[in-house]
Trainee: 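I have a structure I would like to understand better, so I am pasting it below and will then ask my questions one at a time.
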Amino acid sequence: MHLDIGAALGDEADPGVDEDDLEELDEQVAAAHETIAAGRENGEFGYAALNLPEETDPTRIREAVEPVEDAAYVLTVGIGGSALGAKTVTAALADEPDRHVILDNVDPEHIERTLEGLPLEDTAINVVSKSGTTAETLANFLVVRAAYEDAGVDWTELTVVTTGESGPLAELVEEHDLPRLPVPDGVPGRFAALSSVGLVPPAILGVDIEGLLEGASAAADGLGPSLFDSPGYAYGAVCYALEEEGAAVNAVMPYAERLEYFAEWFAQLWAESLGKEGRGQTPARALGATDQHSQLQLYRAGPADKMVTVVRPQERADVQIPESEHDSLSYFAGADLGQLLDAEYDATVASLAEAGRPAVEIELDDLDAEGVGELLYAMEAATVLVGELADIETFTQPAVEWGKRAARGLLSGEETEETRTVAERPSYRID
Ligand SMILES: O=P(O)(O)OC[C@H]1O[C@H](O)[C@H](O)[C@@H](O)[C@@H]1O
């Protein structure tokens with residue numbers, strides 16, 4: 001994995017950083033690395049996530065999924081960190097990614113349609129909740145279970161659960177004697193992709209989860225006291241420096257359909273970890289080249305408060321563009337679709353640079369298991385580093401928990417501080 005920050009450097013970029021800024025920042029990176037390394041060593045909450053490549057046991061995951069490894073589909077019931085990592089990995093690496101279906105939202109129409117469209121007798125259920133208490137996940141699981149029962153399918157034979165040792169989900173596991181995989185200790189959900197939280201569907205869909213962990217391990221080995229030695233730290237340091245200069249938005253734009261969900265996974269990681277104390281970049285999700293025809297106008301010519309992160313693999317499938325009888329299409333002659341996509345990528349980076357807008361390029365040697373493992377780990381390391389540099393609590397999410405308590409209170413009818421705030425919220429309605 002390589003990082004090219006050329007288009008974010010120099011006096012011309014707005015916001016921009018120069019090489020001297022990065023040299024200066026490197027002292028803070030060294031201090032942050034010391035904290036991170038000590039946190040990893042002691043298995044402290046949050047920092048422990050960066051030990052997952054070594055600690056996750058892929059054999060245990062493979063054993064747990066054995067009873068359902070021939071299923072035609074995997075239905076993940078989970079939300080946030082309990083869904084996005086798994087979806088990112090299957091979307092990037094499974095040969096048939098559509099065999100992995102996610103139920104995270106509690107939109108009733110969506111769940112009805114999803115369940116109607118699946119052969120339930122041949123669909124494994126992967127229920128994931130670190131806390132075991134998340135309302136969306138539990139409600140969806142109860143609905144799914146009932147649908148299997150209505151269809152005369154024994155859901156207990158098809159279910160794998162990843163959750164902690166206590167809580168309502170753990171009780172269901174006990175009651176129905178379901179296979180349970182543990183959530184790793186000291187790891188917030190959004191940092192748990194490289195554990196059973198994220199690896200059950202990939203294991204069922206034949207992804208090389210061992211290779212994924214090896215790639216992540218290589219990235220872990222590369223962490224050191226200088227931003228110039230590790231792409232993950234380099235990315236974090238550049239984002240931090242750009243945020244200090246006014247880049248309030250980080251638009252993540254992979255030029256690979258298989259990485260579309262990566263931008264979604266990154267959005268949670270970045271937003272929940274770093275959106276605190278009036279700080280944090282707003283992650284925007286984009287896809288190249290599709291969003292060149294949608295969002296790029298704003299990134300190039302809108303407010304100078306953004307950076308764009310483009311991601312691409314160096315190897316692409318070879319699909320020739322056939323010759324056409326029209327002279328006006330002769331510029332395609334001999335080219336393939338990958339060349340066209342790469343040309344669009346280069347044009348985007350150059351056009352941003354030309355307008356003085358910073359772009360950071362992440363290039364993967366290959367979009368294979370090792371490459372994706374390295375990418376996910378690097379982004380987690382970047383996030384932890386930014387949290388240290390900004391001196392914030394990277395591993396908590398108090399603002400999200402307020403909403404969870406309020407929703408639970410509203411459903412149960414119990415009056416709490418949160419439900420009172422909901423009832424008294426200012427509103428101005430126009431019918
Ligand atoms: O895994 P769970 O405990 O069900 O949590 C699922 C999600 O819930 C909340 O929204 C948290 O803010 C997320 O960080 C978490 O990923």
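Ligands are counted one by one from 1 in listed order, and the atoms in each one are counted from 1 as well. All of these numbers come straight from a predicted model, not from anything done at the bench.
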Trainee: Can you work out which protein residues put a heavy atom within less than 4.0 Å of ligand 1?
Mentor: Ile79, Gly80, Gly81, Ser82, Ser129, Lys130, Ser131, Thr134, Arg190, Gln268, Glu272, Gln397, Val400, Lys404
Trainee: Give a yes or no on whether a salt bridge exists between Glu243 and Arg279, defined as a side-chain N under 4.0 angstrom from a carboxylate O.
Mentor: yes
Trainee: Mind listing the side-chain donor-acceptor pairs of residues 159-176 below 3.5 Å, one per line with the distance, residues two or more places apart or on another chain?
Mentor:
{"unit_1": "Thr159", "atom_1": "OG1", "unit_2": "Trp155", "atom_2": "O", "d": "2.6"}
{"unit_1": "Thr163", "atom_1": "OG1", "unit_2": "Ser129", "atom_2": "O", "d": "2.6"}

Trainee: What is the distance from atom OG of Ser196 to atom CZ of Arg180, rounded to the nearest 0.5 Å?
Mentor: 9.0 Å
Trainee: Using a strict threshold of under 4.0 Å (side-chain N to carboxylate O), is an ion pair present between Glu210 and Arg62?
Mentor: yes
Trainee: Can you list the residues that meet the ring-ring contact (aromatic ring centres under 6.0 Å, His included) rule with Phe191, with sequence neighbours excluded?
Mentor: Phe395
Trainee: Kindly list each side-chain donor-acceptor pair under 3.5 angstrom involving residues 364-374, sequence neighbours excluded, with atom names and distances?
Mentor:
{"unit_1": "Asp365", "atom_1": "OD1", "unit_2": "His2", "atom_2": "NE2", "d": "3.2"}
{"unit_1": "Asp368", "atom_1": "OD1", "unit_2": "Gly371", "atom_2": "N", "d": "2.9"}

